[in-house]
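Here is the naming used below: chain letters follow the sequence lines, and residue numbers restart at 1 for every chain.
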There are 4 protein chains.
Amino acid sequence: MIINVDLAAEVPIYQQIRDQVVEAIAHGTLTEGSTLPPIRTLAADFGINFHTVNKAYDLLRQEGLIRLSRKTGAVVTAAATDQYLPSDWTAKARTLLAEAVARGIPADDVLHACRTLLDSFSATQQEDKP
Amino acid sequence: MIINVDLAAEVPIYQQIRDQVVEAIAHGTLTEGSTLPPIRTLAADFGINFHTVNKAYDLLRQEGLIRLSRKTGAVVTAAATDQYLPSDWTAKARTLLAEAVARGIPADDVLHACRTLLDSFSATQQEDKP
Amino acid sequence: MIINVDLAAEVPIYQQIRDQVVEAIAHGTLTEGSTLPPIRTLAADFGINFHTVNKAYDLLRQEGLIRLSRKTGAVVTAAATDQYLPSDWTAKARTLLAEAVARGIPADDVLHACRTLLDSFSATQQEDKP
Amino acid sequence: MIINVDLAAEVPIYQQIRDQVVEAIAHGTLTEGSTLPPIRTLAADFGINFHTVNKAYDLLRQEGLIRLSRKTGAVVTAAATDQYLPSDWTAKARTLLAEAVARGIPADDVLHACRTLLDSFSATQQEDKP
DNA sequence: GTGGTCTAGACCACA
DNA sequence: GTGGTCTAGACCACC
């Protein structure tokens, strides 16, 4: 699994790490039981402080995507599949989609872009859609 | 056009204003040539500093959605500035969609949610535009 | 509102702060809209680092008990009343109650102790039970 | 008596063992004079280090719930060591109950949950003891 | 002036 | 050797 952080970006480093782990899980690059690199190792690789990585991992733990323990390290948990899309997700999606439509992109194109992105996840995930 | 800001929310006020203007444009509530309320008026309505409103309008100007001038105030510009989705939009969309998939939501459900949101824009658009 | 921390205790300082805020909310000492002391102020009062207080406040924010913002500081939110007792609460309660019973305390006495504690909350909360 | 440990859980293994023994004593599954499995046997069953089991047993010994000796192994002691609830138990209970009340759960519901848990102990106790 | 992010480095708990 | 806690101090974003 490959993670890249942009130290000069406006988005917080811990958020970048969190986002890339989320995407890796969606892609299937990380599956249930996969272990993430140790906090301090990842920090050393990026040349950043381990507290920053810790914050990213803690976020993922709060979201129920990974489990942290001193013995096993950071382990990806089973996808919960417990619920529907939370309201704050829908709110963020509404704003994002509105942004595209407001720029004059046809709704069909926006939807197509979403489908393409979603397909890219499934393709990697299942290897049965070539 | 109605804007509501939640002074106690975790999302910055200027972002809330910007988002609601974007959504209003997508809905068709605001169309090309529509004028937004004067900065100081809007600030007074919400009881917030006019710098905050100014920041929101400046963001919209940077995105090419409105034009600012001393004489005409804030005017919504023609929509078709970009024909393609910018890469940072795709990046944000990828993260958002991955978030849903990583939580175990089926891709079809996610796509359906997107379609529903997009349809809600068009519905309002056609009502208000003819 | 009075908070005391024991620097020498085995329970983490941030947890002590979090627990006392939770108890203050249950007691009614802190109600919806009450503001907690600024992170750095509280840290200075206790002679501890502001990061420690920050962690406590962040925990409370995750639990939905307070809202944090740069302008309003830490504000107690409305009690959600959205759900039943979560399963992990029940698990902790089971262990705690078992602890008392295993020591030979009659179940009635344990229940009575629980009622007394709960009554002490209500008494302060409503001022109608003197 | 059946003990289950979740090696991947966030709660320390020694704590899990200790908690389950406490609950078994409360239930009446373990009564005065019952012997717990030898440390090394239990450790082998779970595939964990015997120091971990040792720590759990030592905790129980400190709490006066079991007696350790080379000859007899770990034996459950008479329950009636304390007649009153220790202050740290009350403190933990206060925090736990406050947690529920602060989330908006009515005090009656919380008390009812406690009674249900306590009843579940007694039910098992009487079944197994006559 | 508030909280948010990041760094650097210490010691502890668990296994 | 892992994550967890705490300290000390820096700069930034928002208002």
Side-chain angles (χ1 to χ4, degrees), chain A residues 5 7-17 35-44 46-59 61 66-75, chain B residues 5 7-16 43 46-56, chain C residues 5 7-17 35-44 46-59 61 66-75, chain D residues 5 7-16 43 46-56:
Chain A
V5 294
L7 299 180
E10 75 291 352
V11 45
I13 297 173
Y14 74 87
Q15 186 78 35
Q16 295 180 42
I17 297 173
T35 60
L36 271 57
I39 290 182
R40 284 164 173 83
T41 304
L42 199 58
F46 294 151
I48 60 177
N49 194 276
F50 79 92
H51 285 120
T52 305
V53 180
N54 185 38
K55 185 159 187 175
Y57 279 24
D58 195 52
L59 259 182
R61 184 185 58 74
I66 67 172
R67 205 186 302 120
L68 295 173
S69 95
R70 305 190 218 234
K71 49 184 178 303
T72 59
V75 183
Chain B
V5 295
L7 297 178
E10 73 290 354
V11 43
I13 295 175
Y14 76 89
Q15 184 80 33
Q16 294 181 43
F46 296 147
I48 59 179
N49 195 297
F50 79 94
H51 285 116
T52 305
V53 181
N54 188 38
K55 185 161 186 174
Chain C
V5 294
L7 299 178
E10 74 290 351
V11 44
I13 297 174
Y14 74 88
Q15 185 79 34
Q16 295 180 42
I17 297 173
T35 60
L36 271 57
I39 290 183
R40 285 163 171 84
T41 303
L42 200 58
F46 294 150
I48 59 177
N49 194 276
F50 80 91
H51 284 119
T52 305
V53 181
N54 185 39
K55 186 159 187 175
Y57 279 23
D58 195 52
L59 259 182
R61 185 186 58 75
I66 68 173
R67 205 186 301 120
L68 295 174
S69 94
R70 306 189 220 230
K71 49 183 176 305
T72 59
V75 183
Chain D
V5 295
L7 298 177
E10 73 290 355
V11 43
I13 295 175
Y14 76 89
Q15 185 79 35
Q16 294 181 43
F46 296 146
I48 59 178
N49 196 297
F50 79 94
H51 285 116
T52 305
V53 181
N54 188 38
K55 184 160 189 174

- Task: Rounded to the nearest 0.5 Å, what's the gap from CG on L42(C) to CG on N54(C)? Could you check?
- Result: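 Rounded to the nearest 0.5 Å, the CG-CG separation comes to 11.5 Å.
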- Item | Gap separating the OG1 atom of T52(D) from the CD atom of Q15(D), nearest 0.5 angstrom |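 The CD atom of Q15(D) is 12.5 Å from OG1 of T52(D), to the nearest 0.5 Å.
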- For nucleotides 9-15 of chain F, just jot down a letter per nucleotide in 5' to 3' order: B, S or -, based on protein non-hydrogen atoms under 4.0 Å. BB--BSS
Length of the [atom1]-[atom2] vector between [X] and [N], whole Å:
X	N	atom1	atom2	result
E10(A)	dG4(E)	CD	P	19 Å
I39(A)	dC6(E)	CD1	C1'	15 Å
N54(C)	dT5(F)	CG	C1'	14 Å
Q15(C)	dT5(F)	CD	P	9 Å
L42(C)	dT2(E)	CG	P	12 Å
Q16(A)	dC6(E)	CD	C1'	13 Å
L68(A)	dA15(E)	CG	P	15 Å

- Given side chain to side chain contact (heavy atoms under 4.5 Å, CB included), test L7(A) with I13(A) step by step and report yes or no. CA-CA 7 Å; L7(A) 299 180; I13(A) 297 173; 3.5 Å; yes
- For the pair I17(C) and I48(C), evaluate side chain to side chain contact (heavy atoms under 4.5 Å, CB included) and give the outcome as yes or no after the intermediate values. CA-CA 12 Å; I17(C) 297 173; I48(C) 59 177; 4.1 Å; yes
- Item | Stem segments of DNA chain E by first residue number [Watson-Crick or G-U, under 3.5 Å, at least 3] |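 For DNA chain E the paired stretches long enough to count as stems (3 pairs minimum) are E:1-14 with F:1-14.
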- Task: Look at D58(A) together with K55(A) and state whether they make a salt bridge at an N to O cut-off of under 4.0 Å.
- Result: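 A salt bridge is absent here (no side-chain N lies under 4.0 Å from a carboxylate O).
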- Give T72(C) one of three labels, base, sugar-phosphate or nothing, depending on what nucleic acid heavy atoms sit under 4.0 Å from its own.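 No contact.
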Non-hydrogen side-chain atoms of [X] and [Y] separated by less than 4.5 Å:
X	Y	result
Y57(C)	L68(C)	yes
K71(C)	S69(C)	yes
Y14(B)	V53(B)	no

